[in-house]
Number of protein chains: 2
Amino acid sequence: MTDHGADTPAPAARAARRGRPPSTALNRDRILDAARALVEREGPDALTLRRLGAELGSNHTAVLRHFSGKEEILLGLAEQLIEEAVTGYEPTDSWRETLAGLARRVRGACLTHPQVAAVVAGRVSRRDAEFRGADLVIGALRQAGFGDREAARYYRALADTALAMGAQEAAVAALDSAAREGDRLAWRREYLAVSPTAYPHLASVAPHLAAADEDDQFETVLGLLLDAVELRAPHKP
Amino acid sequence: MTDHGADTPAPAARAARRGRPPSTALNRDRILDAARALVEREGPDALTLRRLGAELGSNHTAVLRHFSGKEEILLGLAEQLIEEAVTGYEPTDSWRETLAGLARRVRGACLTHPQVAAVVAGRVSRRDAEFRGADLVIGALRQAGFGDREAARYYRALADTALAMGAQEAAVAALDSAAREGDRLAWRREYLAVSPTAYPHLASVAPHLAAADEDDQFETVLGLLLDAVELRAPHKP
DNA sequence: ACCTGAACACCGTTCAAGT
DNA sequence: ACCTGAACACCGTTCAAGT
């Protein structure tokens, strides 16, 4: 990202020296910001190289000078998302609170930028912010008294689950609200109409399923996982 | 799916009466079988209407007489997958065993048809097999002594987690083995090379992360969730 | 050194026309 | 009743040519 070698200044640096802002100079950050704006404004399907080029006022192939392809742009967006969840987060005295807080921040970032989360689902960036998040979680698990093997095991269990759930929830949140409401209505209708003779158990709890609330749903899974981890932890939370 | 009304026989029925197999007659099942074969043979990206048409020996738009669009075909594939996991599964005396067995079958179906699972990730079919699976899980939770509200809550926690994990694992398994191996190597290399001063906790457990095994990973999450459910259950498993 | 424009090989969906 | 073929409005990526 940084250019070294003082004898070959980047064009942006040259432009700045001439006093003109490099408004037309493309770079990875400008491209990622434009991609994020595009996805948030018009939804996941709007992220095409052609529309991204238009957003940037450039030819649609110019972007490929800075990213090897569309996949690499998506990885950049994934890293931005984790960055937002992790930046400035400080562990607390209670390892359980540290883990719960981080999980809620990951989910929060997914829900704040559902379009981005939906488009990025399942991609691991293997970059800075991801490492910081991993270090926080593993630190909390060691605080709970787990050895390295168990800390690694439970880190993956917690991280994979949180990301998988965040991505899934974001996919729903990314639908426009009319489509989401239509989907929810169809789901309720079909589950409430299920045959009580064919599916007796399902039919009798269906009203509770229909009343389900997503925050409650997330807290339930998080609570279950942390209860089980606590049950196995050498130290109190 | 079945045609009633004896005075308006379907073309397939007419062809059969004439003694010729309806080899050219399209219907939903033939289309879904072809779609599944195509995805398993050539991967998720190969599922396009044009290639599906070629697979069926028809025009690529003929499929749209039977499905309203590509999305509806994906829903059909999702239902087939759950069908395979659920068909013939019988609950046991131990509710915990019932839940664990079903979760393992869902995962097994995803891993047997990773290409299909990858393409279908996150879609709920709201059809027969899904209802049967829900009924089994909720039945087991009632056997554990939970009331309707808790049974509904924990059903969603378990089902969402199992499906999200199955989908994620399938997405990895769907890569061709060269790409998968390359990805795993890159992942190991970058996690093992992480700076011990910047990420002390991560660096010291990294060897265990690199040694992680996916079966173990799945069983860890399943075990955590079931331990926590058992902790809250009125009846012994 | 960086960007453009044309070209290539594809997509999903619509719709008038055929049989 | 069902299928075809052409057309429409798009894709991502490559590459020679420009500045």
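Below, read A as the first sequence line, B as the second, and so on, with proteins coming before strands; counting in each chain starts at 1.
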Residue pairs passing the salt bridge (Lys or Arg N to Asp or Glu O under 4.0 Å) test with at least one member in residues 53-64 of chain B, sequence neighbours excluded, are B:R41-B:E55
For A:D128, the salt bridge (Lys or Arg N to Asp or Glu O under 4.0 Å) test, sequence neighbours excluded, returns A:R132
Atom CG of A:N59 and atom C1' of C:dC2 are separated, to the nearest Å, by 12 Å
note: A:R65, atom CZ; D:dC15, atom P; distance rounded to Å ~ 11 Å
Expected rows: protein N/O vs nucleotides 11-13 of chain D N/O, under 3.5 Å:
{"residue": "D:dC11", "atom": "OP1", "partner": "A:T48", "partner atom": "OG1", "Å": "3.3"}
{"residue": "D:dG12", "atom": "OP1", "partner": "A:K70", "partner atom": "NZ", "Å": "3.1"}
{"residue": "D:dG12", "atom": "OP2", "partner": "A:L49", "partner atom": "N", "Å": "2.9"}
{"residue": "D:dG12", "atom": "N7", "partner": "A:R50", "partner atom": "NH1", "Å": "2.4"}
{"residue": "D:dG12", "atom": "O6", "partner": "A:R50", "partner atom": "NH2", "Å": "2.9"}
{"residue": "D:dT13", "atom": "OP2", "partner": "A:K70", "partner atom": "N", "Å": "3.3"}
{"residue": "D:dT13", "atom": "O4", "partner": "A:H60", "partner atom": "NE2", "Å": "3.0"}

Closest heavy-atom pair, B:E84 versus B:R105, reported as atoms and distance to 0.1 Å, is O-NH2, 3.6 Å
Counting only Watson-Crick and G-U wobble pairs with both atom distances below 3.5 Å, the stems of 3 or more consecutive pairs that include DNA chain D are C:4-8 with D:12-16, C:12-16 with D:4-8
Rounded to whole Å, the NE2-C1' distance (B:H66 to D:dC2) equals 8 Å
Residues passing the salt bridge (Lys or Arg N to Asp or Glu O under 4.0 Å) test with B:D135, sequence neighbours excluded, are none
| request: Count the heavy atoms belonging to other residues, nucleotides or ligands that lie under 6.0 Å from CZ of A:R188, then report whether that count exceeds 12. | output: no
In whole angstroms, the gap separating P of D:dC3 from CZ of B:F67 amounts to 13 Å
Whole-Å distance, A:L52 CG to C:dC3 C1', equals 15 Å
Sorted by chain and number, sequence neighbours left out, salt bridge (Lys or Arg N to Asp or Glu O under 4.0 Å) with B:E79 holds for none
From the list A:V221, A:L224, A:L225, side-chain contact (heavy atoms from CB on, under 4.5 Å) with B:T161 holds only for A:V221
| Salt-bridge contact A:E219-A:R104 (side-chain N to carboxylate O under 4.0 Å) | yes
